[in-house]
A.B. asks: 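For reference, the structure I am asking about is given below.
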Amino acid sequence: MAKVLVCVAWPYANAAIHLGHVAGSLLPPDIFSKYHRLIGNEVLMVSGSDQHGTPITVKADKEGVTPEAIADRYHEINKKAIEGLDIEFSLFTKTHTPNHIEVVDDVFLTLKDKGYLYKKGTQQYYCPKCEKFLPDRYVEGICPACGNEKARGDQCEKCGKTFEGGELTSAVCLHCSTAPEMRETEHYFLKLSAFHQPLIDWISGKENWKSSVKLFTRNWLEAGLQDRPITRDMSWGVPVPLPGWEGKVIYVWFEAVIGYLSASKEWAKKIGRPEEWKAYWQDPEVRSYYFLGKDNIPFHTIIWPAMLMGYGGLNLPYDVPANEFLTFKGDKLSKSRGNSIDIPSMLQRFEVDAIRYYVAANMPENKDADFSWSDFETKVNNELVATLGNFYHRVLSFTYKHFGTVPEYKGSDDDRKEVFDAIEAAAKQVASDLEACEFKRALKGIMDLAQYGNRYFDGVGPWALIKKDRDACGSALNLNLEIVKALAVMSYPFMPRSAKGAWKLLGQEGDLEATGWKAIAAPLSGGQKLQEPKPLFSKIAAEKEDAGSAFSGFSALNLKVGQITEAGNHPNADSLLLMQVDIGKKVQIVAGLKAYYSPDELKGRKVVVVSNLKPAKLRGYESQGMLLAAEAGELVTLLSPPEDAAPGDAVNSGMVPGEKQIEFKDFQKLTLRVGTVVGKGKVDVGREIRYTGPEVAEGTRIAVFLPSPEASEGLAFFTEKGAPVVGDQRLPGGATVR
RNA sequence: AGCGGGGUGGGGUAGCCAGGACAUCCCGUCGGGCUCAUAACCCGGAGACCGGUCGUUCAAAUCGACCCCCCGCUACCA
């Protein structure tokens, strides 16, 4: 009997958790903990909602409510979702509690007393009317360098100059338009540099860590550790526990990780033994596991350990089995991208065990795994329902129908040994995989045993045997029921609901969790009454993927004819040009064309512009679009709109132009090519394909959109007037457009 | 461009760190069996020379070099 501390990354309380959280950090520790409880270990598993930080205040501002209201709202939603998933925490708390604040204060003050924190002053804008320090983005003024009237506190968007505090002329607070004053503000810094060597030494002993986690950490350490500020001028968070520091809070990244400790203490108080947390944190024999997604690695392998070292007397992480990401159609699942598959709605539509099974079977343990509805449906229906569910049901229902109780075993010892050996081998493998946090492999071991069961059942043929030899049939069924029981116990960490269901149908005494893993080897007592079986899983019908029309990707773009009115060198970059372009309205565009065009050549030239790209700053200057150019090796040339095109004309190829802003990286995923027209409706883009668009003379280079790189059909770029976009005659077929 | 991860039968994957005899499993597919079971189960077949090239070795999917492609983060990518 041992104790195990299981720490789970804290979901951020500004949205409902989605499948990515479940796959990355929530389900693995639950499987792990359930297994440890089955083998009789005591597990303390803690987590909670991370409630502080700017994104929550932003959301609160938008909705006109307090940050606490937002944070508590999502805490409740997520807490419920987690319970709905049958994930059992010893305590799932939140960071905005008196207990957490008290523990954070203690850690902060202890580190400070030990000399690991120091303060450093900086000049910052302060608004006397709002009575607070202003983040740089809330300050606007005139840029002393270029006269731009809307320069931000830290940087001028127009000329790219960056400022130290106070350089802006006529600065105003964006909230109340008052002129801010400069005030000295101080912040505490964590002396991470002091832990550089101790961390390197500590990491080097971690042979059991996943190689990706270790490598990532080592690279971080090799890059050197910078001291980091751990306080901010802000009101939502854990207040800095020092007189004179009102209005400042402790940075979330510093404070949230302390949650593991504060939650342990809160749990101890709640069970009425306030010192009990020490058994998990101070006994060096107790292993602590931290489950999280890969984006969270440095906080748990560098910062948190550094804090623990500094604090002293508490166990450092034993293992950090970080998972990769679960992706959706190749994109990271995230709240911001809007493709989240949130748990509350999944739970409404599917059985918990189906979700748990799929996530475990498709867990991104070593590399990103992709989620798709069709894969979800196949795995659940063909593996979980057909293999495991069917085995449970055929054995239980047949036995129930013909015997009603567990039949006595009257067969030979050899037959019995064969089955028990198979069970034991499976149990041993599953156990060692679970201990090593190899969840996918463990689950496979279970499914293999289910398949063995199906094979065994088939081999015996009870439906025929029952007519010839009732005792022999009963004996065979007895062994099949042993397999059912073993499967129930072994699958419990993964699918607790159906496991307990099978346990009950078997007529087992006591509950599964209490009886534990050892029930696998304990023979069933003949004569125990079976319950009327019902299928434990049912098939699902998942969503249909929307196919989308062939050229739908093109309509994400909003292309316009533009005319360059001004062009000049970017003052602050080697390869960039800065241009003003008329696309019906004036926009500023930065392009990496210096090596190919001089500003004079460009002035007055007509170009094709992607007008709905999300603006981005390039070396300090905002670029509000991009010019389309074709690229073939060293040759880079701009695409030309037709002669008669006027600035602002749409280049929509007969489709509805996209209105939404698109990300640069999404633009990059589109396949745009230049090809040589070789005949009617045919174009050579490195190979010959058909294209849709106006008729063009042979030999002309035209720009083409391809639905995929291998597509056999493309869409030519043409304007609303029906004239094509052409490329330089020197271009070879297949040149890339960017 | 830099850093990290990955490229294994139609799709998805295991194996790679500690090289070795017919390359794993799931889905799909083809053929057969069974009828207890949620058109479920069982058996058998076809199908990959393990991204490419060159090396190390008696032996490489597994080690090394170079190259190509994909994904993530970062960037003077637009």
Side-chain angles (χ1 to χ4, degrees), chain A residues 160 207 210-212 214-216 218-220 222-223 294-295 297 324-325 327 330-332 361-362 364-370 372 374-375 377-379 381-402 438 440-441 443-445 447-448 450-466 473 477 480 533-540 570-577 579 589-594 609-610 613-629 631 662-665 667-669 709 737-738:
Chain A
E207 298 303 331
K210 283 192 192 184
S211 58
S212 58
K214 213 175 150 174
L215 188 70
F216 190 88
R218 211 171 40 218
N219 286 346
W220 242 69
E222 275 169 14
K294 66 178 168 189
D295 50 336
I297 292 173
E324 309 283 312
F325 292 138
T327 61
D331 275 335
K332 183 183 165 185
N362 198 27
E365 287 177 306
N366 295 311
K367 55 184 166 195
D368 290 354
D370 200 47
S372 77
S374 70
D375 190 41
E377 188 180 291
T378 331
K379 283 210 161 69
N381 289 349
N382 295 336
E383 297 176 21
L384 179 64
V385 181
T387 305
L388 181 61
N390 187 237
F391 178 66
Y392 278 153
H393 194 243
R394 70 197 296 208
V395 174
L396 289 166
S397 61
F398 189 91
T399 317
Y400 179 78
K401 196 164 141 198
H402 294 277
E438 299 250 21
K440 259 204 286 210
R441 196 200 286 247
L443 182 57
K444 192 179 170 320
M447 297 309 286
D448 285 347
Q451 195 170 33
Y452 170 84
N454 274 316
R455 208 179 306 137
Y456 190 75
F457 191 89
D458 260 37
V460 173
W463 54 90
L465 198 55
I466 187 81
C473 183
L477 289 172
N480 274 107
K534 294 184 297 272
L536 292 164
F537 305 103
S538 37
K539 294 205 170 188
I540 59 170
H570 191 298
N572 201 16
D574 293 336
S575 64
L576 299 180
L577 293 178
M579 289 165 277
I589 290 182
V590 182
L593 293 171
K594 204 169 181 174
V609 178
V610 182
L613 262 191
K614 190 178 165 194
K617 283 191 297 290
L618 291 178
R619 206 68 179 174
Y621 286 74
E622 183 162 282
S623 184
Q624 297 158 323
M626 74 182 277
L627 309 182
L628 288 184
E631 179 185 33
I662 62 169
E663 297 272 344
F664 182 64
K665 60 168 64 166
F667 169 77
Q668 283 185 308
K669 285 181 187 149
V737 175
R738 59 163 197 129

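Please read these numbers as outputs of a predicted model, since none were measured by experiment. Naming: A, B, ... by sequence-line order, numbering from 1 per chain.
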A.B. asks: Please give the distance between the C1' atoms of B:G11 and B:A48 as a whole number of Å.
C.D. replies: 13 Å
A.B. asks: Within this structure, what is the NZ-to-P distance between A:K379 and B:C26, rounded to whole angstrom?
C.D. replies: 12 Å
A.B. asks: How far, in whole Å, is B:C26 from B:G45 if one measures between their P atoms?
C.D. replies: 14 Å
A.B. asks: Quick one: is B:A40 close enough that its OP1 or OP2 comes under 4.0 Å of any side-chain N or O from A:K539?
C.D. replies: yes
A.B. asks: Output side-chain donor-acceptor pairs under 3.5 Å for residues 450-457 of chain A, partner residues at least two apart or in another chain, one line each.
C.D. replies:
unit_1: A:N454; atom_1: OD1; unit_2: A:R394; atom_2: NH1; d: 2.8
unit_1: A:N454; atom_1: ND2; unit_2: A:T387; atom_2: O; d: 3.2

A.B. asks: Counting side-chain heavy atoms from CB outward, which of B:A78, B:G4, B:C41 is closest to A:A591?
C.D. replies: B:A78
A.B. asks: State, with a plain yes or no, whether a side-chain heavy atom of A:F398 is found less than 4.5 Å away from one of A:I466.
C.D. replies: yes
A.B. asks: Between CG of A:L536 and CG of A:N390, what distance do you get to the nearest 0.5 Å?
C.D. replies: 11.5 Å
A.B. asks: Need to verify one output field. Residue with the more 5' nearest nucleotide on RNA chain B, A:S538 or A:R441?
C.D. replies: A:R441
A.B. asks: What is the distance, rounded to the nearest whole Å, between atom CD of A:E365 and atom P of B:C17?
C.D. replies: 19 Å
A.B. asks: Between B:A59 and B:C63, how far apart are the C1' atoms? Round to whole Å, please.
C.D. replies: 13 Å
A.B. asks: Taking A:N362 for the side chain and A:D370 for the main chain, is one N or O donor matched with an acceptor at less than 3.5 Å?
C.D. replies: yes
A.B. asks: What contact category does A:I540 fall into here, base, sugar-phosphate, or nothing, at under 4.0 angstrom with non-hydrogen atoms?
C.D. replies: nothing
A.B. asks: Using atom P of each nucleotide, how far apart are B:C36 and B:C30 to the nearest Å?
C.D. replies: 26 Å
A.B. asks: Determine the interatomic distance between P on B:C41 and the same-named atom on B:G28; round to the nearest Å.
C.D. replies: 9 Å
A.B. asks: OP1 or OP2 of B:G28 less than 4.0 angstrom from a side-chain nitrogen or oxygen of A:N382, does that happen here?
C.D. replies: yes
A.B. asks: Could you tell me how far B:C58 sits from B:C66 if I compare only their P atoms? Round to whole Å.
C.D. replies: 24 Å
A.B. asks: To the nearest Å, give me how far apart CZ (A:F537) and P (B:A37) are.
C.D. replies: 19 Å
A.B. asks: Mind listing the closest non-hydrogen atom pair of A:P462 and A:C473 along with its distance?
C.D. replies: O-SG, 3.7 Å
A.B. asks: Which one, B:U35, B:U38, B:G12, comes nearest to the side chain of A:W463?
C.D. replies: B:U35
A.B. asks: With a 4.0 Å limit, can you tell me whether A:K367 has a side-chain N or O closer than that to the phosphate oxygens OP1/OP2 of B:A14?
C.D. replies: yes
A.B. asks: Would you say the side chain of A:M579 lies within less than 4.5 Å of the side chain of A:L627, judging by non-hydrogen atoms?
C.D. replies: yes
A.B. asks: Treat a base pair as Watson-Crick or G-U wobble with both distances under 3.5 Å, then lay out RNA chain B in dot-bracket form, 5' to 3', with | for cross-strand pairs.
C.D. replies: ((((((((.[[[..)....(....]]].(((((.......))))).....[[[[[..)....]]]]])))))))....
A.B. asks: A:E324 CD to B:G6 C1': how many Å, rounded?
C.D. replies: 10 Å
A.B. asks: Can you tell which of B:C41, B:C26, B:C36 lies closest to the side chain of A:E383?
C.D. replies: B:C26
A.B. asks: I need the minimum non-hydrogen distance between A:A361 and A:K379, along with the two atoms involved.
C.D. replies: CB-CD, 4.2 Å
A.B. asks: Tell me which nucleotide among B:A40, B:C36, B:U38 gets nearest to the side chain of A:A386.
C.D. replies: B:A40
A.B. asks: Measuring from the side chain of A:S397 (C-beta onward, heavy atoms only), which nucleotide among B:A40, B:C25, B:A37 has the closest atom?
C.D. replies: B:A37
A.B. asks: Would you indicate what A:P535 reaches in the nucleic acid, counting non-hydrogen atoms under 4.0 angstrom: base, sugar-phosphate, or nothing?
C.D. replies: base
A.B. asks: Return the nearest nucleotide to the side chain of A:D458; candidates are B:A14, B:C42, B:A37.
C.D. replies: B:C42
A.B. asks: Would you call A:K294 and A:E324 a salt bridge, using N to O less than 4.0 angstrom?
C.D. replies: yes
A.B. asks: Are the side chain of A:D368 and the backbone N or O of A:F325 linked by a donor-acceptor pair below 3.5 Å?
C.D. replies: yes
A.B. asks: Taking only the C1' atom of each, what is the distance from B:A18 to B:G10 in whole angstrom?
C.D. replies: 34 Å
A.B. asks: Check the pair A:M447 / A:L388 against side-chain contact (heavy atoms from CB on, under 4.5 Å), numbers first and verdict last.
C.D. replies: CA-CA 7 Å; A:M447 297 309 286; A:L388 181 61; 4.1 Å; yes
A.B. asks: NZ of A:K440 versus P of B:C25: gap in Å, rounded?
C.D. replies: 17 Å
A.B. asks: Closest approach to the side chain of A:L215, judged atom by atom: which nucleotide of B:U13, B:G4, B:C43 is it?
C.D. replies: B:G4
A.B. asks: In whole angstroms, how far is the P atom of B:G12 from the CG atom of A:D368?
C.D. replies: 14 Å
A.B. asks: Specify the separation, in whole Å, of atom NZ of A:K294 and atom C1' of B:G6.
C.D. replies: 10 Å
A.B. asks: B:C25, OP1 or OP2 - any side-chain N/O from A:Q451 closer than 4.0 Å?
C.D. replies: no
A.B. asks: Determine the interatomic distance between P on B:G32 and the same-named atom on B:A23; round to the nearest Å.
C.D. replies: 28 Å
A.B. asks: With nearest nucleotides of RNA chain B determined for A:F216 and A:N454 from heavy-atom distances, which residue corresponds to the more 5′ nucleotide?
C.D. replies: A:F216
A.B. asks: Counting any heavy atom closer than 4.0 Å, what does A:V590 reach on the DNA or RNA strands: base, sugar-phosphate only, or nothing?
C.D. replies: sugar-phosphate
A.B. asks: In whole Å, I'd like the distance from the CG atom of A:N480 to the C1' atom of B:C36.
C.D. replies: 11 Å
